[in-house]
Amino acid sequence: MRGIRFFSQLCTQRYEMIGELLGREQHDIALLQEVWSEKDFLFLKRKLSSSHPYTHYFKSGVFGSGLAVFSKHRIQDALLYKYSLNGYPYMLHQGDWFGGKAVGLVIVDIFGLKAHVYVTHLHAEYSRAQDEYLPHRMVQSWELLQFVRHTSCGADLVVLGGDLNMHPQDLGNRLLRSHTGLRDCYTETDTFDGCEDGHTLIAANHFSKKQDLIPFEKGIRIDYILMKGSQKVSMKCESLSTTKGPVADKPYPYSDHEALTAELALLHSEDSRQHGSSNALAVSEQMDVVAEARAVVKEGLCQTEALRDKATYLMFSGLLLLLLPLAMAFLPCFCSFSTLGLLGAVCMSLLLSGAMLYLLFTTHIKVLKETDDQMMLTSNDLQTKLTGCRLSGSPSSDGSPELQPLSPFKREE
């Protein structure tokens, strides 16, 4: 939900409605984004104290991460990872940088099973045609999948929910699913009741901005519930639903995004191959997706280096111009001291602004280079799996050939 105090419309009333909805629906776990004020979180915590006694609010950035978890089941542990790239601080009207976008993990005990539940919110896409934040969102997608991969090893079941700000077939979304094994509940569900095509940002919503939907007039699907089982437990999505804009007896909806509700069934898993095996087609797909992602990161690196060059020019321009009032100070009859002070202040502003932007873009360049290096390691590892294995003559249970190790290599003298 969009819950910025003093800026969002009907914020207090909508938090009251959301509290009533969660208390009435009795979900096992509720994952919220854009709860920017801790006061609003504490309000919901009090209101849901009987239905959801276990809560956690992830604190990050200037405004906070906006991520909150309400659970019927005991939360054993929590961990927060703040994304390395998240927009620019000078884009005040967008506010992503101040939000401290992150991924939060809570480890929940569900009937003796260890559930790793993730909640996240990625950088917004402000223009589909000219998406200047695509490299940032790609880095966030990579860091998200790395965080899930490295923290979910001992989990019996994994659930990820949140606003990914990506369409189902966007590169970052495919990268996340292919490298974590997470499955989209919308494509896996037995029954669905909600907006057309599972849209979570629709034109009929009172709070949605029509320019955010261009060129998709009916709506877009950018909010997800993803799931994955283990060798011990398999997961099945029995039903998925969304809210549908206006609320009954209310002139406005809960949020600018439609809420998602998934009913997940936990089953004993007997086939461990579906969790641990790999096949040539899957590995090849992973390689292709990583290659595409690296191209986006490299393009973002070039753009950021160009921005750093501009910051360098600005910094040196301020430094050179600063010499002008210093030289004029030796000519007291040429201009007044107030004029010299004004010129000096302008030059110092240019110098400091250029220096701060130079440091900002240098930091971004290091993050992009590090991400590219990690992707290269993954790509090399996937290439090794392909070249070091051969296709088995008998197909696997899902119809795709499994990879088998080659016989030991014997060196010829």
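Classification of Asp77 and Lys114 as a salt-bridged pair fails, no side-chain N sitting under 4.0 Å from a carboxylate O.
A 6.0 Å sphere centred on CE of Met91 holds more than 12 heavy atoms belonging to other residues, nucleotides or ligands. Other residues, nucleotides and ligands place no more than 12 heavy atoms under 6.0 Å from the CD atom of Glu217. Within 6.0 Å of OH in Tyr313 there are 12 or fewer heavy atoms belonging to other residues, nucleotides or ligands. For NZ of Lys72, the number of neighbouring non-hydrogen atoms (other residues, nucleotides, ligands) closer than 6.0 Å is greater than 12.
Side chain to side chain, Tyr126 and Asp96 meet the donor-acceptor criterion of an N or O pair below 3.5 Å. Using modelled atom types, one finds a donor on one side chain and an acceptor on the other under 3.5 Å when comparing Glu143 with Ser84. Inspection of the Gln146 and Arg149 side chains reveals an N or O donor paired with an N or O acceptor under 3.5 Å. Remark: the Tyr252 side chain and the Gln13 side chain contain no N/O donor-acceptor pair separated by less than 3.5 Å. Side-chain contact of Tyr83 with Thr120: a donor-acceptor pair under 3.5 Å is present, judged by distance alone.
Within the 4.5 Å cutoff, no side-chain heavy atoms of Tyr81 are placed close to those of Thr151. Thr362 is listed as a side-chain neighbour of Arg308, based on a closest heavy-atom distance under 4.5 Å. Two residues are said to be in side-chain contact when any heavy atoms from C-beta on lie closer than 4.5 Å; His73 and Phe111 meet this criterion. Looking at heavy atoms from C-beta onward, Ser239 lies out of side-chain contact with Asp190 at the 4.5 angstrom threshold. Side-chain atoms of Ile365 and Lys369, non-hydrogen and from C-beta on, do get closer than 4.5 Å to each other. The closest side-chain heavy-atom distance from Thr261 to Glu25 is not below 4.5 Å. Side-chain contact between Gln303 and Pro135 is present, with at least one heavy-atom pair separated by less than 4.5 Å. In this structure the side chain of Met375 reaches within 4.5 angstrom of the side chain of Val297, judged on heavy atoms.
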(request) Begin with the C-alpha distance, continue with both residues' side-chain angles, and end with the deciding distance and a verdict on ring-ring contact (aromatic ring centres under 6.0 Å, His included) for Tyr186 and Tyr224. (result) CA-CA 8 Å; Tyr186 176 74; Tyr224 300 85; 9.0 Å; no

(request) Before giving the answer on salt bridge (charged side-chain N to carboxylate O under 4.0 Å, His left out), spell out for Asp193 and Lys244 the whole-Å C-alpha distance, their side-chain angles and the decisive distance to 0.1 Å. (result) CA-CA 10 Å; Asp193 178 27; Lys244 303 175 184 177; 3.0 Å; yes

(request) Take Asp163 and Lys101, measure what salt bridge (charged side-chain N to carboxylate O under 4.0 Å, His left out) needs, and give me the verdict at the end. (result) CA-CA 11 Å; Asp163 179 3; Lys101 299 290 180 66; over 6 Å; no

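Taking NE2 from His257 and CD1 from Ile220, the interatomic distance works out to 7.5 Å, rounded to the nearest 0.5 Å. Distance check, rounded to the nearest 0.5 Å: CD1 of Ile110 to CG of Asp156 gives 10.0 Å. If you take CE on Met17 and OG on Ser255, they are separated by 10.0 Å, rounding to the nearest 0.5 Å. Note that CZ of Arg177 and CG of Leu160 are 12.0 Å apart. Values are rounded to the nearest 0.5 Å. Distance OG/Ser230 to CG/Leu113: 8.0 Å, rounded to 0.5 Å. Atom-to-atom distance recorded for Leu32:CG and His121:NE2 is 12.5 Å, nearest 0.5 angstrom.
With hydrogens and angles disregarded, no donor-acceptor distance shorter than 3.5 Å links the side chain of Thr200 to the backbone of Glu258. In this structure, the side chain of Asp109 engages the main chain of Gly112 through a donor-acceptor pair within 3.5 Å. Side chain of Tyr57 to main chain of Val35: a donor-acceptor pair is present (N/O by atom type, distance under 3.5 Å, no hydrogens or angles). At distances below 3.5 Å, at least one donor-acceptor pair connects side-chain atoms of Arg137 with backbone N or O atoms of Ala124. Panel note: side chain Glu188, backbone Arg183; no donor-acceptor pair is recorded below 3.5 Å. The backbone N or O of Asp184 sits less than 3.5 Å from a side-chain atom of Thr187, completing a donor-acceptor pair. In this structure, the side chain of Asp223 does not engage the main chain of Leu164 through any donor-acceptor pair within 3.5 Å. For Thr191 (side chain) and Glu238 (main-chain N/O), a donor-acceptor pair under 3.5 Å exists by modelled atom type. Between the side chain of His116 and the backbone N or O of Leu157 there is no donor-acceptor pair closer than 3.5 Å. No donor-acceptor distance shorter than 3.5 angstrom exists from the side chain of Thr189 to the backbone of Phe192, with no hydrogens or angles considered.
If you look at His199 and Phe216, their ring centroids are not closer than 6.0 Å. Separation of the His364 and Tyr88 ring centroids falls under the 6.0 Å cut-off. In summary, the aromatic rings of Phe70 and Phe41 are positioned with their centroids under 6.0 Å apart.
Lys47 pairs in a side chain to side chain donor-acceptor pair (under 3.5 Å) with only one of the listed residues (His52, Glu16, Glu20), which is Glu16.
A tilted orientation is assigned to the rings of Phe98 and Phe63, their planes being inclined by 30° to 60°.
Of all non-hydrogen atoms in Asp197 and Arg221, the two that sit nearest each other are O-CD, 3.7 Å.
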